[in-house]
Amino acid sequence: MTPSVIRSGAACGAEIVFDLSREMDAPTFRAIERAFHDNIVVVFRGQQLTNERQIAFSRRFGELEIHIVKKYLLAGFPEILLISNVKDEQGEHIGLADAGFTWHTDTSYRRRPSRCSLLYAKEVPHRDGRPLGDTVFASTIAAYEALPDAMKKRIHGLKAIHRYSARRRVPESPRPKLTGEQLAQTPDIAHPIVRTHPYNGRRSLYITAGECIGIEGMPQDEALDLIAELDAHCVRPEFLYRHKWQLGDLLMWDNATSMHLAICDYALPERRLMHRTTVIGTVPF
Ligand code: OGA
Ligand code: MN
């Protein structure tokens, strides 16, 4: 039976009604994959997943990436990266505490950036009965399509340069610094500003001010202005979907056709814990 899909009504985002602890045959998977590409961000509510199950479902979309920050990989399950503000008895963060605090797409610093990321909500902070720590997504398909023709022509064929360490972090970020060896594994990488989706051929914008440090063949001042202009365009309200978390949400997003931002409006003792899996994608074109 094809799972039902409930669209958010925003530029992206939908709920897919399916219990991911059940077996999933190939036609059902294909229906889910299609709904995922169509809606860019999809949530499966009320899940009860073991680590193995989250990993197995994620693997259906491709090979999993073991995140470069090793400190926060779940013991025994290196495919799962902990995203959390929680600290252990020694006062050490148990997970990445500053993931996504600026607009970005996941692992754009890779030659093969993430196809999709999956975030499973284990603990969601609340205040006065309302969830905190929303995640906001921008459809970069909608953003690309809304560009004036002159801008589409101007950026056609251009490549932006992405850098891992470029992203602005929170002040005094607890995130461990990359070792020299890890830095050497993440050289600057140029990707097309206008991407073509590898599955459905749709065009999208692939550029964020937090991660792009220049544009190939363009003077630096002009490049930074253009990056800022396109970044600001992408996050116009009409392109956004804001996800309000519930415990048991398995949310996944398409890194080729969206960018996202984590809202940090909570603090301990308000606890947030997410399990993230990351699927490696193809070389952008
Ligand atoms: C991520 C990320 C956002 C969030 O895991 O890639 O950006 O709201 N997370 O935790
Ligand atoms: Mn992210």
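When a ligand or atom number is given, it counts from 1 through the structure's own listing order.
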Passes salt bridge (Lys or Arg N to Asp or Glu O under 4.0 Å), Arg127 versus Glu270? Steps please.
CA-CA 8 Å; Arg127 197 181 301 154; Glu270 294 156 338; 2.7 Å; yes
Per-residue contact class, His260 against ligand 1 - non-hydrogen pairs under 4.0 Å:
side chain
Heavy-atom gap His243 to ligand 1 smaller than 4.0 Å
no
At a 4.0 Å cut-off, with the gap strictly under it, does some heavy atom of Trp103 reach an atom of ligand 1?
no
Under a 4.0 Å heavy-atom limit, does Leu119 contact ligand 1 with its side chain, its backbone, both, or neither?
side chain
How far apart are the C-alpha atoms of Arg59 and Glu79, what are their side-chain angles, what is the distance that settles it, and do they pass the salt bridge (Lys or Arg N to Asp or Glu O under 4.0 Å) test?
CA-CA 10 Å; Arg59 276 217 175 102; Glu79 300 85 354; 3.2 Å; yes
For His104 and ligand 1, does the shortest N/O to N/O distance drop below 3.5 Å?
yes
His260 NE2 to Asp106 OD1 via the Mn ion (ligand 2), rounded to 10°, gives 100°
Test salt bridge (Lys or Arg N to Asp or Glu O under 4.0 Å) applied to Glu65 and Arg110, step by step
CA-CA 11 Å; Glu65 166 144 358; Arg110 294 285 193 196; 2.9 Å; yes
Where does the angle between the aromatic ring planes of Phe57 and Phe44 fall among parallel (under 30°), tilted (30 to 60°) and perpendicular (over 60°)?
perpendicular
Residue portion contacting ligand 1 (non-hydrogen atoms closer than 4.0 Å) for Arg272
side chain
Donor-acceptor contacts under 3.5 Å from residues 26-36 side chains, at least two apart:
residue	atom	partner	partner atom	Å
Thr28	OG1	Asp25	OD1	2.5
Glu33	OE2	Arg115	NH2	2.8

Parallel, tilted or perpendicular: ring planes of Trp253 versus Phe137, cut at 30 and 60 degrees
tilted
For ligand 1, find out whether one of its N or O atoms is nearer than 3.5 Å to an N or O atom of Trp245.
no
